[in-house]
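What follows is a set of notes on a single structure, which appears directly below.
To find a chain, count down the sequence lines: A is the first, B the second, and so on, and within it residues start at 1.
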Amino acid sequence: MDRKYIGKRVVRNEDPRLLTGQAQFVDDVQFPGMLHAAFLRSEYAHARVLKVDVSKAREYPGVVAVFTAEDMGRDWFPGPPLVSPPPTVKDVIFHSRRQVPLVKDKVRHAGEAVAVVIAESRYIAEDAAEQIEVEYEPLEVVLDLEKALAADSPRVHDDLESNLAAQLFQKKGDYEAARKEAEVVIKRRIVIERGAAAAMENRGIVAQWDAKGRHLTVWDTTQAPIPIRNGLAARLGLSESQVRVIAPFIGGGFGPKIMMFYPEEMLIPWVAMKLNRPVKWIEDRRENFYATTQERGQVHDVEIALDRDGRILGIKDDFIHDTGAYDPYGLTIPINTQCHVMGGYDIKNFSSEFRVAFTNRIIATPVRGAGRPQGIFVIERMLDLAARELGMDAAEIRRRNLIQPHAFPYQHEIVDQAFAPLVLDSGNYPAVLDKALEMIGYEKFVKEEQPRLRKEGKYVGIAVAPFIETTGIGPYEGARVTVETSGRVNVATGIGTQGQGHFTSFAQVVAEQIGIKVSDVRVTTGDTSEFHWGTGTFASRGAVVAGNAVHAASSIVRGKILKLASKVLGAPEAELELEDGQVRIADIPQKSVSLGELAALANPLRGAVEPGTEPGLESTAYFGPQYGATAFGTHAMIVETDPETMMVKIRRYVVAEDCGTVLNPLILEGQIHGGVSMGLGNSYYEKLHYDENGQLLNASFADYLLVSSTEMPRIEVGHLETPSPLNELGTKGVGEAGAIPVPALFAQAVQNALHDRDFEILEMPLSPNGLFELLNKETE
Amino acid sequence: MKPAPFEYYAPATMDEALALLAEHGYEAKALAGGQSLIPMMNFRLVQPSVLVDLNNIGGLAHITPGADGSLRIGALTRHNQVETSAVAEQYAPLIHFAMQKIAYPAVRTRGTFGGSLAHADPSAELPALCTALNGRFRLVSGRGERWVSADEFFISLFTTALEPDELLAEAEIPAMPPRSGWSLMETARRPHDFALMGVAAVVALDEQGRCADARIVFLSAGEKPMSAQKAAEALRGQSPSAEAIRAAAESAAANEIDPADDIHGTAKFRRHLANVLCRRALEQAFQRAAGKK
């Protein structure tokens, strides 16, 4: 289709405001008389709370109130279940244990909030929090995933028989039978550790209660303002129309900002109502490490069976997933992992059981990738080991196993995070693999350059990793599109925006239908007073689900415009064209009417209208997909390692990506760049170090090593487009894609660079020290 | 992450600053660039009740060459002033080179030469480099002033010879003798991080091309800049062969440092790095001394 606005490198509508400091973030919200909150957080990871004495803090000058769990009375109850019920798979076990506003009986992770101090300034609130005396009885901590599930482990939740939070078995075909046919069977244990999402902006909440108007307004860095509004109304005994939640400009979400409800999210609005004063809480970076959700911790026992040609006959992957102290987010992460172990490969036999363990770590909820990088790491590592065993090229073994273009829709025969069957809707996987190989010059590098570099004593390696990303799941999103009498178009949708460029990509979708400049489309996201149906921004679904809702509403508005213009201009609709904010008769361009004039005519101030007429050029529409659209990509890279210092330098980084219809390549590439940087963090830099007491040892950016500009390679991105048949725009999500294959790719590249060393990378993240230990294992 | 309450003074003269330090003693902290002190205060790791801001005092930021080839650097000279100074490059090329390894540009714009020395973080570059270059520091107080050599100044972790009423006013880096060479080798997780291990080597050759003098000082290798005096002594009088260099590096890494385990690296890995980096540093320093690089 010939498109005028969609697919173009349109610069972002929102950037002038963001770059000149004119965009409103939660911390920009100021009110006279506003109070500030600071939390007293547990220094223990697991302890009974015997006594909380806040008397000194209450007397501290400038303190307005101090609250503990006891002080909340009947308003103290856990957060709502976020993702439930668990899937309708046979024999699933799921024990729901949800986070609480303030700790009452016992602390389950270091950093859990015990009390909140409300004061005239944040400084005073922090000073007073130091005056609170808490008597703890420390308990043995639960950290190791296998030990957590042992019968004699101390329990995170005393009322459960064990730390087993959930258990789920899924299979396809018959793995045991396939194994018997196999020429090669490889079994390994793979360990993946936690990282942080580390958004540039931490969390924050401002709540303002209007006692006379009986109305609560909350500014929240949430990815899901509508569920927060509905949940707050229910918690606080208000009607939904009495609560407005605004998710303004947000400096990155990456998943944790959709954890609902955080303790602070439950508390701050409650306190604002209680004290009848505006209250602000801005999470600081240390709190972000201790109180914002994290992800990735898993231990896999995986076995792969192949024939002598390198074709996968089956995979068996049993793993334990660390959910931390509570499991409000259900089974999303481990199910994603399970689904991505099969990846984009044609695997006939699969068997996987996961167990979810409660531990004394911070709650795990999805972080960009959400279980997918672990699954891809597992399958790609096993393919690398198989290729080595079979003496086969890394790219070749992958090519032989990829799902072929004629096989779509392809059934993986297990259920995914949306509890729908995992069906891969469309794609041309081998073409994407070939594109990545061509971009990086794979064959020439392997045949010519690498042998030459090795002769020079340089340890330079290449890697290629294909991956799928399940995206764009339901249930639905909606949008309202309105042509205003100014001729500009207003769009509102319920999802939140944390940097994804929705203000531009949705405007492009509207412009395509209505024929106006992208900069003349004003998009509002994340304000429940503007639009109050929908779920939120997660699972790489904004462009797919909300994007198609915007498209649907725009199409209806286009119809209304044509119908009215046809009357005004006295020409059949088929002869009209929409361009530059005007409707013209195609052959007589001087006969035209502007969108603004039409909008005024559609909303007359006097006179009669035809019965049944709706006013204005406006429509609200919804989109919910049958199931999620699955994107595909392949990353390739060349690294140089120094086998003496263990330092790794990326020489080239290539991404070939097929996420269906591209709305805006600039935005898409930005998503990929950001994703790759997180993926590199998960590969070599970003690891949360918990000590044996469950204390986080690197809760600051001095010791938690984010990938910075000095580590980022230049990324070359190539696009292929296989439109998804599941939605009219043909879009598939891409928000998490960049992060997914990177650890698998990184491990492969380092192994390939150090080709003459006998070692196996079976852990992530790696580090120079970790690599040193792997390379020196045999001498120990 | 807000600091505990403190009193703030911003004296305009050195005398006033010294009087405040004398009055408040251990309760007071001097504020220069604030690149270490302020984060530590925000974490409440340090809670000084008095902060004496030195930034309004004139004359503390200067880069002054001496007639004898030495260089004096004022305590409040910002890292980026040294980094962009042709005088520093000419008179103290090792110091000048090291500037690009200190954190990242934002920190170097604010952080000061004297602040880094007085803070005495054993992972920082400047304490190790001043030790390797036989630098000395002028310490002033209401009681007068004294010069202390870098070797004597750094006592242990964040601990120096400074008395609570004293300020470090300037550093002096002596000229290197003819046929000298230097090197700084570091391995850091990211270029702007504290090094996992680092080593500065400063050598001089005699007229026969033998090692006349060597100084080897490690950073991130113990409680203070770790000077490998025995390894350096063993090189003296020797031809700087690959073998001699390898032996010196191995001996220094094995016997003259005391690295600790932390989350970024075990002591074992750090010793391994010390060996590798020391060898590379000595090779480069001797090559420079021989005019090869």
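Note that CG of B:Asp193 and OH of A:Tyr685 are 9.5 Å apart. Values are rounded to the nearest 0.5 Å. Separation of atoms OG (A:Ser708) and NE2 (B:His192) is listed at 2.5 Å; rounding is to 0.5 Å. Between the CZ atom of B:Phe269 and the OG atom of A:Ser767 there is a distance of 7.5 Å, given to the nearest 0.5 Å. To the nearest 0.5 angstrom, B:Lys268 atom NZ is 6.0 Å from A:Asn776 atom CG.
Taking every heavy atom of both residues into account, A:Thr710 and B:Pro191 meet most closely at OG1-CD, 3.5 Å. The minimum heavy-atom distance between B:Gly265 and A:Asn769, with the atom names listed, is CA-OD1, 3.4 Å.
There is no contact between B:Pro39 and chain A, counting heavy-atom distances below 4.5 Å. Both the backbone and the side chain of B:Ile263 come within less than 4.5 Å of a heavy atom in chain A. For chain B, no part of A:Leu771 is nearby; none of its heavy atoms comes within less than 4.5 Å. The contact between A:Glu711 and chain B is made entirely by side chain atoms (from C-beta outward), counting heavy-atom distances below 4.5 Å. Heavy atoms of B:Thr266 lying under 4.5 Å from chain A belong to its backbone as well as its side chain. With a threshold of 4.5 angstrom between heavy atoms, B:Asn275 does not approach chain A through any atom at all. Proximity to chain A is absent for every atom of B:Phe194, based on heavy atoms less than 4.5 angstrom apart.
Heavy-atom neighbours of A:Glu456 CD from other residues, nucleotides or ligands within 6.0 Å: above the threshold of 12. The number of heavy atoms from other shown groups lying within 6.0 Å of CZ (B:Phe158) is above 12. In B:Lys230, the NZ atom is not crowded: 12 or fewer heavy atoms of neighbouring residues, nucleotides or ligands sit closer than 6.0 Å. Counted within 6.0 Å of CE on A:Met712, heavy atoms from surrounding residues, nucleotides or ligands total more than 12; the atom is thus considered enclosed.
Ranking A:Arg122, A:Met647, A:Glu130 against chain B, the residue ahead of the rest is A:Glu130, based on heavy-atom pairs under 4.5 Å.
Scanning residues 284-292 of chain A against chain B with a 4.5 Å heavy-atom cutoff picks out A:Asp284, A:Arg285, A:Arg286, ordered by number.
With respect to A:Thr645, the side-chain contact (heavy atoms from CB on, under 4.5 Å) criterion is satisfied by exactly one of B:Glu186, B:Met197, B:Arg280, B:His272: B:Arg280.
Using a 4.5 Å heavy-atom cutoff, the side chains of B:Thr187 and A:Pro768 are not in contact.
A:Glu644 contributes no side-chain N or O that, together with a main-chain N or O of B:Val276, makes up a donor-acceptor pair within less than 3.5 Å.
Ion pairing of B:Arg189 with A:Asp703 is absent here, as no side-chain N (NZ or NE/NH1/NH2) approaches a carboxylate O to less than 4.0 Å.
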